[in-house]
Amino acid sequence: MDKNTTNLDKKAISYAAPLSSVVSLLPIRKPDASCIQRSNGIVSITTTPRNGQWAYGKIPRMFLLYVQTLIREGSPMVDAANKTVHLDDTFSAFCEHSGIPVNGRREQVTQMLENLGGTVIQVTNWFENENGKTVHDAINILVADHTHICFDRNSKEYLKGSYIRFSEPMWNILNENPVPLSREIAFNLGNSARALDIYQWLARRTYYIGKPVTIPWDNLQIQFDSAETPPHKFRERFKKALRLVQDNWSELRVEVSPDGVKVYPCRKSLESKHRATKGIPMMKSPTQPTKASVKPNGNPF
């Protein structure tokens with residue numbers, strides 16, 4: 001399996017699952033609860049950890065972006081027939097390519113990925129049937145059928161390599177038409193889980209809108225945070241994370257008011273003139289998205 005890497009241009013693309021751009025799937029911090037609930041329009045999710053072992057914060061978010069990108073780019077690290085994604089041979093290489101800060105926290109990263117594999121996400125869609133009655137369709141999604149994460153060269157388990165075999169429903173979600181993101185921006189926001197969630201949401205939202213749209217604070221809170229969080233605290237944290245996104249996506253046009261956040265049509269983040277000081281590393285892939293599969297503005301969905 002070819003795991004060599006190369007530095008591509010600074011317009012390298014990462015990909016996110018559409019569901020994660022609609023609602024925040026994972027908590028920012030470790031919750032003091034058995035599950036979390038988030039909603040956006042007709043979509044509602046309930047996320048539940050296995051045995052209280054939560055996946056939260058920046059690590060699982062950056063990992064899911066990494067996995068989605070490997071799948072989209074047809075990386076040789078992806079065994080599609082077995083719904084399995086293999087990881088880099090070394091911890092440092094994995095962190096470099098996924099954008100996860102190393103900081104000597106190998107055990108923490110390993111545990112967080114294992115926790116993610118055991119997470120169950122229930123997705124509910126509410127809609128009206130032909131009789132005008134409100135009904136819902138729900139599916140329970142176990143993230144992974146099997147995880148094997150070992151970056152310790154002194155362990156016998158290291159010889160098996162690190163990989164995650166996703167469940168069929170989760171694999172289907174990962175293979176849906178993804179939301180393209182600037183890899184540069186995603187990596188720059190990698191220390192803020194909240195900013196990553198907001199960026200994914202705005203990347204999709206700004207693509208679809210043709211005129212300004214105001215999203216009330218109440219709606220944003222049930223989409224991104226817990227109802228138990230005091231509203232003033234949520235707004236303060238949201239605005240701080242939003243400023244991080246604006247700092248990295250200079251063309252983003254949003255206005256914050258007492259009523260909510262007003263989002264304007266703007267230049268897509270893939271077209272942003274913002275540039276980092278160094279290239280963004282990525283796995284060599286046998287295939288890359290072709291011009292025929294991408295819309296003129298670089299957004300394929």
Side-chain angles (χ1 to χ4, degrees), residues 1-7 14-15 17 25-31 47-121 141-171 173-175 183 186-187 190-191 193 196 280-286:
M1 185 173 297
D2 182 7
K3 294 186 179 181
N4 292 327
T5 60
T6 184
N7 286 337
S14 288
Y15 295 90
L25 299 178
L26 300 170
I28 303 295
R29 301 177 181 86
K30 185 177 181 179
T47 303
T48 307
R50 177 181 57 193
N51 299 326
Q53 300 298 306
W54 279 102
Y56 60 91
K58 58 197 174 187
I59 294 172
R61 285 169 167 81
M62 293 301 291
F63 176 70
L64 287 175
L65 290 179
Y66 180 50
V67 165
Q68 184 92 48
T69 302
L70 291 175
I71 292 172
R72 176 68 177 179
E73 292 174 347
S75 169
M77 299 171 73
V78 177
D79 179 1
N82 293 302
K83 301 181 287 293
T84 300
V85 175
H86 295 267
L87 307 186
D88 305 80
D89 290 332
T90 67
F91 180 65
S92 59
F94 170 69
C95 290
E96 179 186 0
H97 303 143
S98 65
I100 295 173
V102 182
N103 299 334
R105 297 177 299 174
R106 186 177 64 191
E107 292 183 2
Q108 180 187 4
V109 172
T110 298
Q111 186 63 58
M112 200 60 69
L113 298 185
E114 291 176 350
N115 291 354
L116 175 64
T119 299
V120 174
I121 302 171
I141 302 168
L142 174 64
V143 172
D145 289 335
H146 182 73
T147 61
H148 186 272
I149 312 295
C150 182
F151 294 111
D152 183 0
R153 289 178 176 272
N154 297 318
S155 171
K156 293 181 180 179
E157 294 299 311
Y158 176 80
L159 298 177
K160 298 180 182 179
S162 294
Y163 59 89
I164 181 168
R165 186 173 70 234
F166 292 94
S167 68
E168 184 171 355
M170 188 66 187
W171 187 253
I173 286 178
L174 293 172
N175 279 275
R183 184 166 304 175
F187 276 36
N191 282 320
L196 281 169
I280 303 301
M282 182 170 61
M283 250 57 62
K284 285 184 177 179
S285 301

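The figures here come from the full heavy-atom set of this structure, side chains too, leaving out hydrogens, waters and symmetry mates.
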Sub-4.5 Å side-chain heavy-atom contact between Met77 and Tyr163: no
What's the spacing between Arg153 CZ and Thr90 OG1 if we round to 0.5 Å? 6.5 Å
Heavy-atom donor-acceptor pair, Tyr66 side chain to Ser14 backbone, under 3.5 Å: no
Residues at least two apart in sequence or cross-chain that pass ring pair (Phe, Tyr, Trp, His ring centres under 6.0 Å) with Phe151, listed by chain then number, are Phe91, Phe94
Would you say the side chain of Gln111 lies within less than 4.5 Å of the side chain of Asn115, judging by non-hydrogen atoms? yes
Which is it for Phe166 and Val143 under the side chain to side chain contact (heavy atoms under 4.5 Å, CB included) test, yes or no, and what are the steps along the way? CA-CA 6 Å; Phe166 292 94; Val143 172; 4.2 Å; yes
Which pair of heavy atoms, one from Asn175 and one from Gln68, lies closest together, and at what distance? N-NE2, 4.3 Å
Determine whether a donor-acceptor pair (N or O, by modelled atom type, separation under 3.5 Å) exists between the side chain of Ser167 and the backbone of Leu142. yes
What heavy-atom pair brings Arg165 and Asn82 nearest, and what distance separates the two atoms? CG-O, 3.2 Å
Output yes when a side-chain donor or acceptor of Arg183 lies under 3.5 Å from a complementary backbone atom of Gly99, and no otherwise. no
Minimum-distance pair of heavy atoms, taken over all atoms of Ala55 and Pro60: C-CG, 4.1 Å
Side-chain heavy atoms of Trp171 within contact of Val85, under 4.5 Å: yes
Any Leu116 side-chain heavy atom under 4.5 Å of Ile59 side chain: no
Close side-chain approach of Asn191 and Lys58, heavy atoms under 4.5 Å: yes
Could you tell me whether the side chain of Tyr15 reaches within less than 4.5 Å of the side chain of Thr69, counting heavy atoms only? yes
Check whether any side-chain heavy atom of Leu113 lies under 4.5 Å from a side-chain heavy atom of Ile164, and answer yes or no. no
Can you give me the closest heavy-atom contact between Ile100 and Phe63, atom names plus distance? CD1-N, 4.4 Å
Measuring from Ser75:OG to Leu70:CG, what's the distance to the nearest 0.5 Å? 4.5 Å
I'd like to know if the side chain of Asp152 and the backbone of Asn154 have a donor-acceptor N/O pair within less than 3.5 Å. yes
So do the side chains of Met170 and Leu64 get within less than 4.5 Å of each other, counting heavy atoms only? yes
Whether the side chain of Thr47 engages the backbone of Leu25 through a donor-acceptor N/O pair (distance < 3.5 Å, no angle test) should be reported. yes
The criterion is side-chain contact (heavy atoms from CB on, under 4.5 Å); which residues satisfy it with Glu157, sequence neighbours excluded? His148, Cys150, Ser155, Lys160
Ile149 to Glu114 - nearest heavy-atom pair and separation: O-OE2, 4.0 Å
Minimum heavy-atom distance between Trp54 and Lys30, given as atom pair plus value: CD1-CG, 4.2 Å
Rounded to the nearest 0.5 Å, what separation is found between the OG atom of Ser98 and the CG atom of Asp88? 7.5 Å
